[in-house]
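Let me begin by presenting the structure, written as structure tokens, before commenting on it.
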There are 2 protein chains.
Amino acid sequence: MVGDCIEMLRSLPPASVHAIFADPPYNLQLRGELRRPDDSLVDAVDDAWDRFDDFAAYDAFTREWLTEARRVLRKDGTLWVIGAYHNVFRLGATVQDLGFWILNDVIWRKANPMPNFRGRRFTNAHETLIWAARGPESKYRFNYAAMKALNDDLQMRSDWFIPLCTGAERLRDVKGVKVHPTQKPEALLHRVIMACTAPGEVVLDPFLGSGTTAAVAKRLGRRFIGIEREPIYAEAAKQRLAAIEPIGESAAQTLPSKREQPRIPFGVLVERGLVPAGSRLYDRARRYEALVGADGTLRCGTATGSIHKVGAAVQDAPSCNGWAFWHVLGRDGRLRVIDEFRTEIAGGV
Amino acid sequence: MVGDCIEMLRSLPPASVHAIFADPPYNLQLRGELRRPDDSLVDAVDDAWDRFDDFAAYDAFTREWLTEARRVLRKDGTLWVIGAYHNVFRLGATVQDLGFWILNDVIWRKANPMPNFRGRRFTNAHETLIWAARGPESKYRFNYAAMKALNDDLQMRSDWFIPLCTGAERLRDVKGVKVHPTQKPEALLHRVIMACTAPGEVVLDPFLGSGTTAAVAKRLGRRFIGIEREPIYAEAAKQRLAAIEPIGESAAQTLPSKREQPRIPFGVLVERGLVPAGSRLYDRARRYEALVGADGTLRCGTATGSIHKVGAAVQDAPSCNGWAFWHVLGRDGRLRVIDEFRTEIAGGV
DNA sequence: CGGGACTATGAATCTGGGG
DNA sequence: GCCCCAGATTCATAGTCCC
């Protein structure tokens, strides 16, 4: 969509998108007035009013588009906002004020940042992303297993090391001039979209710019909505998108976590004779021995109940994952954890 | 000084300190107990000093102490504030509202953060520091050369990799219980104080806690003022300080900073398009063919998982180095082992 | 004394589905 | 909306103990 971000957002139905990625401008034009860029503040007078005015206008704009974004976001959807120290604190505070629930702040560590030429500050080598659910109680999606897989089977951390967008990926006009001043790298959006969406879900970018969000969403088999006010950027994004081929559906899937897999009650193993009623289960150290009941319950001393309940009871622990705690004793004398039987019949229940 | 931060600040003369380091309460909002997967209980920060009724109360408190801090700060002085996503956006916005001029936000990347035990978010692996001058026109001190020297003659970046405060540095009582829940590492304060002060200048910490700021300031030959409300913490800091010897003025203190391992997950090659999602990998004999998923996993027959796990599964082997096992098929029909792509990535991850 | 096994712990807004 | 309960979930260090 080409047009003003807030107007376009208002035209979208409520609770309709699964994820929002927003890269708002920080020296933006408000209602036709051109705001001064930061370095034009040459006035030596320490004029606090003036500064407050600027911040207030920016905050009002932020509040307005974030309010609409929240309306458009599904209950279980999440919001990503990216910014730098000039604006990210105000963004984050407004995100919280509007009722979003921050899940993480994520640091994009730039592999190749621009050095600080005057030697008066630290090299500004990162930007900050805020990841938030619609509210504190939201059942948001987080593709934990996929993120872990993406990071060589270690939990993904909140600091991401990703190069700037350069080379062939950077959109340039016929003269070789870059089309957009702050084109985001596709690798960044790849991680964002893989983290919190499934194939076919809808990703919205209210400040589309050169179209990185839409490009990555399309390639990963997600649907997308992009809003951009400047026709030049919108046209560049359109052309860019036309050349993108989605990867196959299988490759676009996120590794399902155990929680998403079909649940198999222990009783099914008993019914099918994989763990027969009347047989015995043991913990790893063979300190405890439990009798398998025909109804899928265990008995161990005075404790009776589910594999989890009895596992917790014998250990005097608050809870226990019985699938990982209990074992079957094989004929070779080796213990086999009962969780393995579940995967054997994962085909159907 | 032992006493309320705001009252004590009011008692200090205006424009009298060169640098302020502040680690205010984070206003964590924890809802219940949290257990590790092994059922052990996480020791939460549930102290009364960290509880506020709502954002408005926290903001009012922030505004009050920052106002006094600004009054006490010299015109050429700078302010450091540290926080996490719970509070840092509100802190930063207030810093700006009061007229401070943000110079950098700096990321403390934790070498050994606590994992996310429930797998519902990214590992919270960093905290944010805000570095600000008193105003836009301030002639603040930045020891550029010292920072560059501290960083192997490269400009110091805005992301700092520093371990948590553990081991002998961590203050403990006679029972071995940590004295303060959030003691900051001396390495962090070393860099802060070295960056923006000269020997003999005054460093103020309005939330002294266990006294890290004062300890490092004393060792580096800076004068210091510490304010702490809790007598227990104040007493611990006092004892800690008594044992500190200032280093000689000419001493070239080098940090025992640990080099970080440039580990490159396979998923990064996928994100960056070096091995695109949806493409195929082969073993050397081309007996097996695997599909590359967008999350950096492979799919080959029924096997799904990391390059190592799938490599092991197809060979029916206990383990496998996927970097050496899998290859990309080039246009010339030649196989290229994926390990070669790792070396193409500059820097680290 | 070295190495391996085992344990402890760190600013944490840490579950979800069915009845 | 509330209650109940199945069951999913951890990484880097430092310290201790034992062989």
Side-chain angles (χ1 to χ4, degrees), chain A residues 76 96 100-105 132-133 135-142 144-145 148 151-158 257-267 296 305-312 318-326 338-339 342, chain B residues 23-47 49-52 55 82-88 108 110-128 163-170 172 176-178 180-185 209 258 260-261:
Chain A
D76 56 356
Q96 289 180 313
F100 288 102
W101 190 246
I102 297 181
L103 299 168
N104 280 112
D105 56 339
E137 308 300 332
S138 298
K139 307 239 181 275
Y140 58 92
R141 166 184 286 274
F142 176 50
Y144 177 74
K148 194 169 171 175
N151 193 37
D152 264 6
D153 291 335
L154 278 182
Q155 256 188 18
M156 184 70 82
R157 296 171 41 120
S158 58
S257 63
K258 258 189 170 172
R259 275 196 196 97
E260 296 171 84
Q261 284 162 3
R263 203 174 65 82
I264 297 171
F266 178 68
S306 70
I307 52 172
H308 315 292
K309 277 276 152 63
V310 174
S319 72
C320 169
N321 182 350
W323 290 107
F325 182 74
W326 294 109
I338 58 173
D339 196 35
R342 253 200 315 188
Chain B
D23 182 13
Y26 282 14
N27 189 25
L28 299 185
Q29 293 161 52
L30 308 177
R31 287 192 277 197
E33 63 171 30
L34 178 64
R35 288 177 179 275
R36 298 185 180 81
D38 65 3
D39 263 335
S40 62
L41 195 61
V42 173
D43 183 17
V45 178
D46 53 2
D47 307 72
W49 50 255
D50 197 50
R51 284 199 283 270
F52 294 82
F55 284 140
I82 184 168
Y85 66 87
H86 318 79
N87 69 329
V88 77
W108 169 26
K110 300 179 183 182
N112 45 348
M114 178 153 50
N116 184 288
F117 296 118
R118 311 307 293 258
R120 292 296 292 142
R121 303 180 176 198
F122 299 99
T123 308
N124 204 343
H126 73 275
E127 294 190 24
T128 301
L164 295 176
C165 178
T166 58
E169 189 186 321
R170 188 90 198 208
R172 294 182 187 280
V177 177
K178 61 189 177 194
H180 193 280
T182 69
Q183 185 178 342
K184 293 288 172 290
K258 300 187 181 175
E260 139 190 29
Q261 309 279 358

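No experiment lies behind these values; they were computed from the predicted model shown. Reminder, nothing fancy here: chain letters follow the sequence lines and each chain counts from 1.
- With hydrogens and angles ignored, a donor-acceptor pair closer than 3.5 Å exists between the side chain of Lys184(B) and the base of dA11(C).
- Formation of a donor-acceptor pair under 3.5 Å by the Ser158(A) side chain with backbone atoms of Thr123(B) is found in this model.
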**Message:** Using a 4.0 Å heavy-atom cut-off to protein, can you give one letter per nucleotide of nucleotides 6-12 of chain D, 5' to 3': B if the base is in contact, S if only the sugar-phosphate is, - if neither?
**Reply:** SBBBBBS
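- Separating the C1' atom of dC17(D) from that of dC1(C) is a span of 14 Å, rounded to the nearest Å.
- Using a 4.0 Å cut-off, no side-chain N or O of Lys110(B) falls inside it from OP1 or OP2 of dG10(C).
- Listed by chain and number, the residues in a salt bridge (Lys or Arg N to Asp or Glu O under 4.0 Å) with Lys178(B) are Asp43(B) (sequence neighbours excluded).
- The salt bridge (Lys or Arg N to Asp or Glu O under 4.0 Å) check on Asp50(B) picks up nothing, with sequence neighbours excluded.
- Without hydrogens or angle criteria, Tyr140(A) side chain to Arg120(B) main chain gives a donor-acceptor distance under 3.5 Å.
- For the pair His86(B) NE2 and dA12(C) P, the interatomic distance rounds to 8 Å; values are reported in whole Å.
- Contacts of Arg121(B) with the nucleic acid, taken as non-hydrogen atoms under 4.0 Å apart, include base atoms.
- A side-chain donor-acceptor contact under 3.5 Å links Asn112(B) to the backbone of Leu164(B).
- A search for salt bridge (Lys or Arg N to Asp or Glu O under 4.0 Å) contacts involving Arg121(B) returns nothing, not counting sequence neighbours.
- Asp39(B) places no side-chain N or O within 3.5 Å of a backbone atom of Arg36(B) that could act as its donor or acceptor partner.
- Between Leu41(B) atom CG and dT9(C) atom P there is a gap of 11 Å when expressed in whole angstrom units.
- Nearest-nucleotide positions on DNA chain C place Glu127(B) closer to the 5' end than the other of Tyr140(A) and Glu127(B).
- The interatomic distance linking Leu30(B) (CG) with dC14(C) (C1') rounds to 10 Å, in whole Å.
- Base contact: Thr182(B) has a heavy atom under 4.0 Å from a base atom.
- Counting non-hydrogen atoms under 4.0 angstrom, Asn104(A) reaches nothing in the nucleic acid.
- Residue Asp43(B) is in sugar-phosphate contact alone, with no base atom involved, counting any heavy-atom pair closer than 4.0 Å across all strands shown.
- In this structure Asp46(B) satisfies the salt bridge (Lys or Arg N to Asp or Glu O under 4.0 Å) test with no other residue, sequence neighbours excluded.
- A donor-acceptor pair is defined here as one N or O able to donate and one able to accept, closer than 3.5 Å; no such pair exists between the side chain of Arg172(B) and the backbone of Gly167(B).
- Atom CZ in Arg31(B) sits about 14 Å away from atom C1' in dG16(C), given to the nearest Å.
- Within 4.0 Å of Pro24(B), counting heavy atoms only, lies at least one base atom of the nucleic acid.
- Taking the C1' atom of each, dG15(D) and dA11(C) are spaced 23 Å apart, rounded to whole Å.
- Between Leu34(B) atom CG and dG10(C) atom P the separation is 13 Å, expressed in whole Å.
- When the P atom is used for both dA8(D) and dG18(C), the distance is 15 Å, rounded to whole Å.
- Distance alone, capped at 3.5 Å, is enough to place a donor-acceptor pair between the Trp326(A) side chain and the Ile307(A) backbone.
- Between the P atoms of dG7(D) and dG10(C), the separation comes to 32 Å (whole Å).
- Distance CG (Asn124(B)) to P (dA12(C)): 8 Å, rounded to an integer number of Å.
- For DNA chain C, runs of at least 3 consecutive pairs of the Watson-Crick or G-U wobble type, with both hydrogen-bonding distances under 3.5 angstrom, map to C:2-10 with D:11-19, C:15-19 with D:2-6.
- For the pair Gln261(A) CD and dG17(C) P, the computed distance is 14 Å after rounding to whole Å.
- Between Ile102(A) atom CD1 and dC14(C) atom P the separation is 13 Å, expressed in whole Å.
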